[in-house]
Structures are given as C-alpha cells and as structure tokens.
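Here's the structure we're looking at; comments come further down.
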Amino acid sequence: MKVDGKDIRTIWLDKDERIIKIIDQRKLPHEFIIADLKTVDDAIEAIKDMYVRGAPLIGATGAYGMYLATLNAPHDQIDIEYLTKEGDRLKSARPTAVNLAWGVDKALTAIVNVSDPARKIRLAKETAAAITEQEVENCRKIGEHGLSLIEQLSSSKGGQPVNILTHCNAGWLACIEHGTATAPIYAAFDHGLDIHVWVDETRPLNQGTRLTAWELGKHGVKHTIITDNAGGYLMQHAMVDIVIVGTDRTAVSGDVANKIGTYLKALAAWDNQVPFYVALPSSTFDWNVRDGVNDIPIEQRDPAEIKYVYGLDQDRTTKVLICPESSPAANYAFDVTPAKYVTGFITERGICQATEEDIRSLFPDKGR
Ligand code: MRU
C-alpha cells in the first residue's frame, strides 16, 4: 500500500539480509516508525508488545523469526532441539492467532531435515518470503471475492452508499497488503462503488481509531469512527448494510475468534438481519478445533492497556491514566462468535457458509 506516495509493506527483508524491517504500529497514527528485528528475542518482543499485530502479519513475523533463529544459532549449531525451542518461544508470544504457530511450523518443516547450515538459513529465508507473498496474494483474492457482495448491495440500493461496519484493524497493517476485512472495501472503492465504513474504535488499544481510520483515510475511503457500543444502534436504524470483520482463529466448525467485542456485533447483526461476514485466508482456519468457544485460547493482556490511553498532546504522544489508579481491570483480548451468527466466510478460494461441510468443500486439501 502507499503511505505518502511511497509503496510500503508491513514487513520486509532489509538489504542487509540479517535484518527484518517492520512498521512499529504502537504509535500510529501520530508517529510512523520503522523498526529492525535482528534476533528471535526482537521478533518475540515485536509480536508480544504489538509492534506487529493482526493474524496474517504475526504469521509472517513468526516465519521470519525462525529465519533469525537460523542466523543466530549458537556456534552455528542449527539443530532440531535449538530450532524447536526457538519455535516454541515464538509461538507462545501470543496465543490466540493460529497464524503464528502456522508460520513458525511452516518454516521449521522446510528446514528440519536439511543438514547443511547455509542451506538451512537460505531455506528459512525463502520460506518466510514465500509465506509473505502467499498471504499478499490470498488477501488480494479475498478482495476480489468480497467485492461481489458489496456490488450486490450497491445495485440493490440503486448506487446509494453501501455502509460497511468493521471492528478492530483487519486492514493491510494487520496483514502485509490489502488486509482481510478491508480487502473487499479497497476493491469496491477502486471499482468506483460508493461506500462508507463505520470504524469501531476497538478499546482498549484502539486499533480501529488509530489504524483502520488511518489506513482508510490514506486510501481516500469515506469512514466514520464510532464508539464500540454504537453498532447496535446503527443496525437498528438501518444504517449498516453489511458487517465485515477479520479473525485470529476460526475453528473448522465455523466458530470465529476475533478482537473482543466482535461477538456483540454479531449478535446485533443477527437481531437486525444485517449480513455478518468474516474475511480470512486459509492460514487462519484451525483444522483441529471444533468447539471454538471452549477450545480456542483467549489471550489476556496487561490491565494497564485498559487503564491508560495514548494520544497526541500538542505535538507529542502522551500516556494518560483514565480511571482510579487502584481499580482492578481485566483485559480479555478476544472473544468467539459461534458459527450460527456468521453469514459466511470470504476466503482466497471464494465465499462459503460457516459450516464444516462448506468450509471443507472449499478446502478439501487442508487439515486432513
Ligand atoms: O490484538 P490484535 O490487534 O492483533 O487483533 C487483531 C484482530 O483482532 C484482527 O481482527 C484479526 O487479526 C484479523 S487480521 C486481518
């Protein structure tokens, strides 16, 4: 995507191939910072502290983390014990998004039976790069498939603006390019359809306010930031034509884990007959989990993320306390929307219903 006229991705290999470059998303939209990852510890910190975030992007970061592991192996001993240990450390950085383990395991599988250390390093680098390119292409195809839904809504409204509600940031910043939930939005905009996006603020880290609004604005897409609690009201008053969200892990049954608050949007959409779609690449399906509500691990983050907010004061970013300092807070970062509330999935292979049968018919080659 373009930022101030320049093409940029969220992760890339530096000219010095021992360094991975990322956008540090923590201070966006007020500061645009590029950070270097040189070691596995750097990659873990970037994932944990959310310099990088969003399921596809942390999958790619996990794979590049394994490349960094091969580069930094003690005494050049890139053996299986060492790689497994580094892979496990990377995987435990964030528990909910299945893409992280998927990216790490793909890199590990590519190199585990190779004995030549130089070849191991090269293969790890190539695998991480291939994952990155594949996710870009998957997101582009999600855009193509999702476009048809917005086109139908646009023609049923006689070309009046289509109002799309989204939660969190499932945009290019959460991926590498295009985004998942935003891919159909960008495709519709680029096709000249009149669209408008309701952007949930997404407390506590405000991925909607800070990141989705910034991205959409840079692309010229009309949007309005709303509080997390406004969606129900808007849906009751026919101000939302479709909800499109991303996901961090979707069970093969169709249960969807996504940023906390997604479930409440799905309930409101269900009650108001608003179509509720989830956009995802196949890397976000968990082929081993059926009961998403009970079996998808839900990350709990530092309560300080609720108690403090960051913002721009004059011309510098500042952190302020917004509650009684002594009040406890509980920071559940994700929730699970049962499949029955999901109208459909927008994937790289097309659109399907939220049932195991339909998911497997699109992906007969996966997860067996
Ligand atoms: O905690 P985050 O910001 O990593 O959560 C991200 C989300 O919940 C996204 O909706 C999800 O990863 C889909 S990414 C395209």
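Just so you know, ligand 1 is whichever comes first in the structure, and atom 1 is the first atom listed for that ligand.
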Next on the checklist: Hydrogens and angles aside, do H145 and T347 bring a side-chain donor and acceptor to less than 3.5 Å of each other?
Outcome noted: no

Item to check | Residue pair N331 / E305, side-chain donor-acceptor N/O under 3.5 Å | outcome: yes

Item to check | Side-chain H-bond candidate by donor/acceptor type, R249 with N99, under 3.5 Å | outcome: no

Item to check | K265 to F276, cation-pi by 6.0 Å centre distance and 45° axis angle | outcome: no

Item to check | Pair Y51-E45, side-chain donor/acceptor within less than 3.5 Å | outcome: yes

Next on the checklist: I'd like the residue list for ligand 1, meaning every protein residue with a non-hydrogen atom under 4.0 Å from the ligand.
Outcome noted: M50, R53, G54, A55, P56, R94, C168, N169, A170, A174, C175, T180, Q207, G246, T247, D248, N258, K259, F334

Next on the checklist: I'd like to know whether the aromatic ring centres of H178 and Y186 sit less than 6.0 Å apart in this structure.
Outcome noted: no

